[in-house]
Amino acid sequence: MDSIIVRGNGPLHGQIPIAGAKNACLALMPATLLSEEPLTLTNAPRLSDIRTMTELLASLGAEVTGLQDGKVLATSCHGEITPVADYDIVRKMRASNLVLGPLLARLGHAVVSLPGGCAIGARPMDIHIDALSALGAEIELKDGYLHAQALGGLRGALHEMRFASVGATENFLMAAVLAKGTSVLKNAAREPEIVDLARCLRAMGAEIEGEGSSTITIQGVDRLHGATHPVVTDRIELGTYMLAPAICGGEVECLGGKIELVESFCEKLDAAGVSVEETATGLKVKRKNGRIRAVDVVTEPFPGFPTDLQAQMMALLATAEGTSVLEEKIFENRFMHAPELMRMGARIEVQGGQATVHGVEKLKGARVMATDLRASVSLILAGLAAEGETVVSRVYHLDRGYERVEEKLGAVGAKIERVKGE
Ligand code: EPZ
């Protein structure tokens with residue numbers, strides 16, 4: 001297994017290009033199942049999760065070809081489709097459950113393995129099941145697989161979700177676009193990835209209104225056609241790299257960044273003493289003056305503070321002046337990075353969904369272990385600000401969501417290298 005070595009090297013300067021969003025692309029790719037015509041995705045990120053989704057779609061009968069060094073994904077699904085998403089692929093990546101809605105819409109039936117839990121939480125699928133059942137699907141769990149069928153096809157319906165789940169909103173959207181009649185989804189998720197999916201589906205001929213708000217209305221159509229769609233910028237990669245100059249000084253411009261993607265996050269950065277300036281090409285970030293100030297953070301669905309930036313924010317607050325309280329309200333087990341940061345000299349107390357972070361003057365390099373995607377990059381950020389050398393192991397987690405980290409950070413002056421594993 002590869003590991004990454006980071007040596008604290010002072011302030012960073014330069015530009016970091018931000019890629020297309022992993023979490024948008026993972027929802028856009030299954031949309032190819034909704035039409036017999038090709039769907040081309042541009043500005044696609046080059047990540048192991050995208051390769052896993054490619055593998056899954058291929059196992060269902062779709063074709064996905066990476067062009068232009070993988071930045072363009074040409075997808076099509078005009079042949080025979082098998083409705084079974086196998087456990088051996090689904091267990092590698094939860095987002096595989098995003099084929100359930102499109103398969104049901106296209107074929108009227110689907111057999112999708114339940115992904116099971118992951119490091120950050122149990123992650124059940126009850127909200128997905130309720131939402132698709134509202135459209136007339138009958139879904140039962142058998143031998144670890146969800147067996148779903150909609151004899152006579154899906155029917156439009158009004159449905160209110162008990163929680164604004166991102167994945168369930170995406171599955172409902174991709175099912176309702178081919179359902180008979182009108183569907184209204186209440187308490188829908190409002191994330192930019194949902195807006196991007198709705199835009200892509202509209203480019204394919206779908207009739208959708210209200211994406212980005214809590215109420216989305218979908219008028220079902222008989223068929224969808226092909227389209228070309230640019231994947232939205234990755235707001236989580238953006239936020240991650242905005243924290244690099246914040247944690248170790250200097251000034252970095254994140255190319256492709258927009259404030260609207262990270263507003264609540266920018267409010268917290270401002271309170272912590274970090275300035276963010278929108279430029280013609282992105283977001284320029286630097287510390288205002290002196291040490292970072294402590295701030296309290298609560299993770300919430302968009303437009304609240306994103307849970308996917310909580311670990312990275314903890315790394316910053318571990319170096320702040322004063323005590324910060326971080327409350328994780330989305331996932332029940334998302335503080336696994338805390339003990340690793342404590343190996344680097346951070347002072348953190350975790351109690352249930354709350355972490356109290358007493359800032360220290362300086363972190364110290366150490367050998368640490370990545371436990372999940374966002375935890376892994378928070379350790380790299382901490383290593384950038386630490387004295388000495390930090391060795392982060394199990395970086396396969398990182399490769400799921402960050403392309404070419406060493407190159408991007410190395411280009412702005414970080415001392416960082418990957419050590420190939422056995
Ligand atoms: C998406 O996951 C993202 N993944 C996650 O990013 C992100 O953390 C999450 O949204 C929240 O923003 C992708 O888009 C591929 P949810 P998703 O359904 O759709 C519970 C990353 O680091 N829930 O909004 O799975 C669930 O357990 C990843 O890139 C149910 O109880 O998130 C969780 O506690 C990690 N029942 C909460 O809701 C359900 O049926 C939010 O889940 C569905 C969800």
Side-chain angles (χ1 to χ4, degrees), residues 19-30 45 47-50 52-53 56 90 92-101 112 114-134 139 141 146 148 159 161-174 185 187-197 214 231-232 234-240 261-262 264-265 298-313 328-334 336-337 353 370-378 397-403:
K22 166 182 83 79
N23 290 346
C25 205
L26 290 176
L28 293 164
M29 291 171 75
L47 304 165
S48 60
D49 271 7
I50 301 301
T52 305
M53 183 58 84
L56 175 63
V90 173
K92 287 191 232 170
M93 181 184 68
R94 286 192 46 76
S96 307
N97 63 16
L98 295 173
V99 300
L100 180 59
V112 174
L114 209 55
C118 78
I120 62 177
R123 305 183 76 176
M125 281 189 65
D126 60 305
I127 306 176
H128 296 247
I129 294 168
D130 291 351
L132 295 171
S133 304
I139 305 178
L141 177 63
L146 290 176
H159 180 69
M161 298 200 300
R162 73 170 173 80
F163 177 82
S165 154
V166 173
T169 301
E170 291 164 339
N171 258 327
F172 184 92
L173 260 183
M174 289 194 276
L185 184 63
N187 196 23
R190 303 171 56 192
E191 274 67 6
E193 295 76 34
I194 304 281
V195 173
D196 204 40
L197 176 62
S214 300
V231 180
V232 70
D234 193 320
R235 64 194 169 99
I236 306 301
E237 188 194 29
L238 170 63
T240 301
L261 291 171
V262 281
S264 56
F265 174 66
V298 180
T299 64
E300 290 169 306
F302 192 89
F305 189 98
T307 173
D308 296 345
L309 285 172
Q310 177 260 98
Q312 300 93 314
M313 194 68 180
E328 174 55 57
K329 292 180 87 174
I330 306 293
F331 291 104
E332 62 273 27
N333 185 32
R334 203 169 203 181
M336 302 245 277
H337 39 283
T371 47
D372 61 76
L373 166 58
R374 308 304 172 182
S376 58
V377 82
S378 80
H397 288 291
L398 187 80
D399 296 334
R400 298 188 55 176
Y402 294 90
E403 55 174 48

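In listed order, ligands and their atoms are each counted from 1. Side chains are part of it too, since the values below use all heavy atoms of this structure and drop only hydrogens, waters and symmetry mates.
Scanning the protein heavy atoms around atom 36 (N) of ligand 1, the nearest turns out to be Asp126 OD1, 2.7 Å. Scanning the protein for heavy atoms near atom 31 (O) of ligand 1, the closest one is Arg162 NH2, 3.0 Å. Looking only at protein heavy atoms, the nearest one to atom 35 (C) of ligand 1 is Arg334 NH2, 3.6 Å. For atom 22 (O) of ligand 1, the closest non-hydrogen atom on the protein side is Arg374 NE, 2.9 Å. The protein heavy-atom contact nearest to atom 3 (C) of ligand 1 is Asn23 ND2, 3.6 Å. Of the protein's non-hydrogen atoms, Ser165 OG, 2.6 Å is the one closest to atom 18 (O) of ligand 1. In this structure, the protein non-hydrogen atom closest to atom 7 (C) of ligand 1 is Asp308 OD2, 3.3 Å. Summary of contacts: the protein heavy atom closest to atom 17 (P) of ligand 1 is Arg123 NH2, 3.8 Å.
Using a 4.0 Å cut-off between heavy atoms, Ala95 contacts ligand 1 through its side chain alone, with no backbone atom that close.
For Cys25 against Ile50, the heavy-atom pair with the smallest separation is CB-CD1, 3.7 Å. Shortest non-hydrogen contact noted between Arg400 and Met93 is NH2-CG, 3.6 Å.
With ligand atoms numbered from 1 in the order given, ligand 1 contributes 37 (C), 38 (O), 41 (C) to contacts under 4.0 Å with heavy atoms of Phe163.
To the nearest 0.5 Å, atom CG of residue Asn187 and atom CZ of residue Arg162 are 10.5 Å apart. Of the inter-residue distances, the one linking Asn97 atom CG with Leu26 atom CG reads 10.5 Å to the nearest 0.5 angstrom. Here the CE atom belonging to Met161 is positioned 9.5 Å from the OG atom belonging to Ser214, to the nearest 0.5 angstrom.
The option from Pro124, Gly167, Ala168 that lies nearest to atom 44 (C) of ligand 1, judged by heavy atoms, is Pro124.
With hydrogens and angles disregarded, a donor-acceptor distance shorter than 3.5 Å links the side chain of Ser264 to the backbone of Pro303. Within the 3.5 Å criterion, the main-chain N or O of Gln312 finds no donor-acceptor partner in the side chain of Ser378.
No N or O atom of Arg94 sits closer than 3.5 Å to an N or O atom of ligand 1. Remark: ligand 1 and Ile127 share an N or O pair separated by less than 3.5 Å (distance only, no angle test).
Partners of His397 according to the side-chain contact (heavy atoms from CB on, under 4.5 Å) rule, which considers only residues two or more places apart in sequence or in another chain, are Ala370, Ser376, Arg394.
Partner of Arg334 under the side-chain hydrogen bond (donor to acceptor under 3.5 Å, both in side chains) criterion, chosen from Asp308, Asp372, Thr371: Asp308.
Within the structure, ligand 1 has Lys22 among the residues with a heavy atom less than 4.0 angstrom away.
Salt bridge status for Glu237 with Lys22: absent, with no side-chain N to carboxylate O gap under 4.0 Å.
Proximity of atom 41 (C) of ligand 1 to the protein is indicated by at least one non-hydrogen atom lying closer than 4.0 angstrom.
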